[in-house]
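Below: one structure, written as structure tokens.
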Amino acid sequence: MLIVMLFLYLPILTLIVLSFNEVKSMSVWGGFSLKWYQELFQSRLMMGAIVNTFSIAILAALIATVVGTMAVLGMAAMKPRTQNTLLGINNIPMLNADIVTGIALMLFFLMVGAPRGYMTILFSHATFCIPYVILSVRPRVNRSTDRLYEAALDLGASERYAFRKIVLPELWPGITSGFLLSFTMSVDDFIITYFTRGAGINTISTLIYSEVKIGIRPSLFALSTIVFVVALAVLLAVNVRQSRADREDNTLQTA
Amino acid sequence: MAELIRLEGIVKSFDDNIVLNGIDLSVDENEFVTLLGPSGCGKTTTLRIIGGFETPDQGRVYFNGVDITDMPANKRPINTVFQNYALFPHMDVGENIAFSLRVKGEDEKTIKKKVADALELVNLKGFEKRRIDQLSGGQQQRIAMARAIVNEPKVLLLDEPLGALDLKLRQEMEYELVRLKKELGITFIYITHDQEEALTMSDKVVVMNEGYIQQEGTPQEIYDEPVNAFVADFIGDSNILSGVMSDEKVVRIDGIDYPCIDGTEEGFPPRRKVDVVIRPEDIDIVPYGKGLWNGTITSKLFIGVHYEMLVQSETGKIEWLLQNYDQHEVGEKIGMYVDPENIQIMHKPKSEAEAAIEIDL
Ligand SMILES: Nc1ncnc2c1ncn2[C@@H]1O[C@H](COP(=O)(O)OP(=O)(O)O)[C@@H](O)[C@H]1O
Ligand SMILES: [Mg+2]
């Protein structure tokens, strides 16, 4: 186990250490310095990529969350057979290789003649995130949510009030994990972005890819470190949420 | 008493499965009516139609003489205690109870007072800030009651509210429910599959099976005069036998003729096939040969105040269940006698299958 952990984390650790290295070397430690971070923040190219990556991630996650949640609610009103079919269809894009999705989306944009750029990346990301939102919100809509909704109506609430006060809080854990999952998926993505971006627009991943071809600068280490830290933070947030929700479910069951 | 709710010819099916087969029911103001029947007989569906959560395929629902069949649930002056309580898990006890008051837009002071009063009524004073998952089953049940009555509905619907509780708690809650009902002075429509619950609490019991109402009446009537074998079997231990009217006011069971008090006038002419109920406590033990028929005691069990015995009849086909205060030994040969009044003659049960057979006859 320790060895596995070592293999997994040592490279990342090396990367982080090197990003604080004074000299531009991959083997010699020249003392602690923030100069690569400085270079990073001064580079218009890199800053642009960072802004693109995170703004696309947030917007795509937002869109996917709203659309996915509405899809789940729409599905809940359908017959069980239809629901299962739809869920099956929903799973396919997730199993699909990214490269297929990427090329398919590119062809689609070419066909409709959409100029490829920020909007096409955003659209693509929102699209491939929707299934994940559906997958995380859907389990929260069940018999017990139905019953709670009916109980609210029984107590005189309007449909809208019952939804807002009773159903939404029930779905909330699913909605937030759907959002966070979408966010990380979007930040992580390279292949789909690569095929759906236009010339002259970069996200962090496509930028690193093209920079690596020219030659690695330590400021890329700094960039990667930032991505890693953000991903770690989101992951921790998801885990904390999850374990808290589990604990609540457990106490509910034993009560 | 004034009629409050009336169901007229309610028919309901899910897909191709007919769940309610023409239910007619009348509930008076301030009455405690219990729908009693085995699981799956359509009790919950009936209640959901009254509450406004299902629309019947046919038939109408009236409230105070007004047709409310198409009125949405949130407009009906009817509240429900749901089978699994359906308490709102993300709200504390106080907020759960306050829900309907907030919907109505009552002011904060009134809400606080009414919530406190409701909690006191269900003997959970000061529970406002508790979380739902900190409550025991019995407490959740009481909170569900409090939440349903805080807004003073005209009718309270209760779907097996005691079903999830253990026996002792259940008996305690039966008294509580009757007390609450008295204090509130509102109509209760109560669902259970437990005959003992139904008989102890209700003013009127409605026995259901397979989407039909089999019989309705006071607990006493249901117990003493079940109209068919289904009801008799469902309400307590009984000897239920198939027989045929061999003569006017004589029924033949297993080759022996028994005098009874039902005849052509009551709808049981000679040669009609019938079901017969004889309650175990109505069979008297007399010396061998002195009764209507004879048998041998095959087993004996002392249960509290009386003995329960199984007796094999001499004709051999029937095993009788007897309850008696006197002690008799296993193996003893006895005679048995039943007063004609205690022989309950009944029509064959009302259900789709049986109805079809009856037409064939
Ligand atoms: N929403 C539904 N969809 C399909 N079948 C249902 C639905 N609700 C109830 N049923 C069926 O109707 C029958 C009666 O159910 P119910 O009224 O809940 O019975 P009870 O409360 O007496 O146990 C059952 O066979 C049940 O499976
Ligand atoms: Mg039920």
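Keep in mind that the numbers below use all heavy atoms, side chains included, and drop hydrogens, waters and symmetry copies. Below, chains carry the letters A, B, ... as their sequence lines are ordered, and counting in each starts from 1.
- For residues 157-164 of chain A, a heavy-atom distance under 4.5 Å to chain B picks out A/A157, A/S158, A/E159, A/Y161, given by residue number.
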Check residues 142-153 of chain A and write down every donor-acceptor pair under 3.5 Å in which the side-chain atom is one partner and the other belongs to a residue at least two apart or another chain.
{"residue": "A/N142", "atom": "OD1", "partner": "A/S144", "partner atom": "N", "Å": "3.1"}
{"residue": "A/N142", "atom": "OD1", "partner": "A/T145", "partner atom": "N", "Å": "3.1"}
{"residue": "A/N142", "atom": "OD1", "partner": "A/T145", "partner atom": "OG1", "Å": "2.9"}
{"residue": "A/N142", "atom": "ND2", "partner": "A/P139", "partner atom": "O", "Å": "3.3"}
{"residue": "A/T145", "atom": "OG1", "partner": "A/R140", "partner atom": "O", "Å": "2.7"}
{"residue": "A/T145", "atom": "OG1", "partner": "A/N142", "partner atom": "N", "Å": "3.0"}
{"residue": "A/T145", "atom": "OG1", "partner": "A/N142", "partner atom": "O", "Å": "3.4"}
{"residue": "A/E150", "atom": "OE1", "partner": "B/R48", "partner atom": "NH1", "Å": "2.8"}
{"residue": "A/E150", "atom": "OE2", "partner": "B/R48", "partner atom": "NH1", "Å": "3.4"}
{"residue": "A/E150", "atom": "OE2", "partner": "B/R48", "partner atom": "NH2", "Å": "2.8"}

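- The shortest distance between side-chain heavy atoms of B/F99 and A/K165 falls below 4.5 Å.
- Within 6.0 Å of the OH atom in A/Y9, the count of heavy atoms belonging to other residues, nucleotides or ligands does not exceed 12.
- At most 12 non-hydrogen atoms from other residues, nucleotides or ligands lie less than 6.0 angstrom from CD1 of A/I3.
- Using a 4.5 Å cut-off between heavy atoms, B/F82 contacts chain A through its side chain alone, with no backbone atom that close.
- For A/F7, the CZ atom is loosely surrounded, since the number of other residues' heavy atoms within 6.0 Å does not exceed 12.
- Pairs engaging residues 28-48 of chain B under the ring-ring contact (aromatic ring centres under 6.0 Å, His included) rule: B/F32-B/F188, B/F32-B/Y190 [sequence neighbours left out].
- Heavy atoms of other residues, nucleotides or ligands lying less than 6.0 angstrom from CE of B/M71 number more than 12.
- Within 6.0 Å of atom CZ in A/F108, 12 or fewer heavy atoms from other residues, nucleotides or ligands are found, so the atom counts as exposed in its surroundings.
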Under 3.5 Å, which donor-acceptor pairs link side chains of residues 47-69 of chain A to any protein atom two or more places apart or in another chain?
{"residue": "A/N52", "atom": "ND2", "partner": "A/G48", "partner atom": "O", "Å": "3.4"}
{"residue": "A/N52", "atom": "ND2", "partner": "A/N202", "partner atom": "O", "Å": "2.9"}
{"residue": "A/T53", "atom": "OG1", "partner": "A/A49", "partner atom": "O", "Å": "2.7"}
{"residue": "A/T53", "atom": "OG1", "partner": "A/I204", "partner atom": "N", "Å": "2.8"}
{"residue": "A/S55", "atom": "OG", "partner": "A/V51", "partner atom": "O", "Å": "2.9"}
{"residue": "A/S55", "atom": "OG", "partner": "A/N52", "partner atom": "O", "Å": "3.3"}
{"residue": "A/S55", "atom": "OG", "partner": "A/Y118", "partner atom": "OH", "Å": "2.6"}
{"residue": "A/T65", "atom": "OG1", "partner": "A/A61", "partner atom": "O", "Å": "2.5"}
{"residue": "A/T69", "atom": "OG1", "partner": "A/T65", "partner atom": "O", "Å": "2.6"}

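- With hydrogens and angles disregarded, no donor-acceptor distance shorter than 3.5 Å links the side chain of B/N74 to the backbone of A/D154.
- There is no contact between B/L101 and chain A, counting heavy-atom distances below 4.5 Å.
- With a 4.5 Å cut-off on non-hydrogen atoms, B/L87 touches chain A through its backbone but not through its side chain.
- Contact of the A/I166 side chain with the B/M91 side chain is registered, since non-hydrogen atoms from C-beta on lie closer than 4.5 Å.
- Interface remark: of the candidates B/P153, B/P72, B/S100, B/A148, B/S100 forms the most heavy-atom pairs closer than 4.5 Å to chain A.
- Across every non-hydrogen atom of B/N79 and A/L155, the tightest pair is ND2-CA, 4.1 Å.
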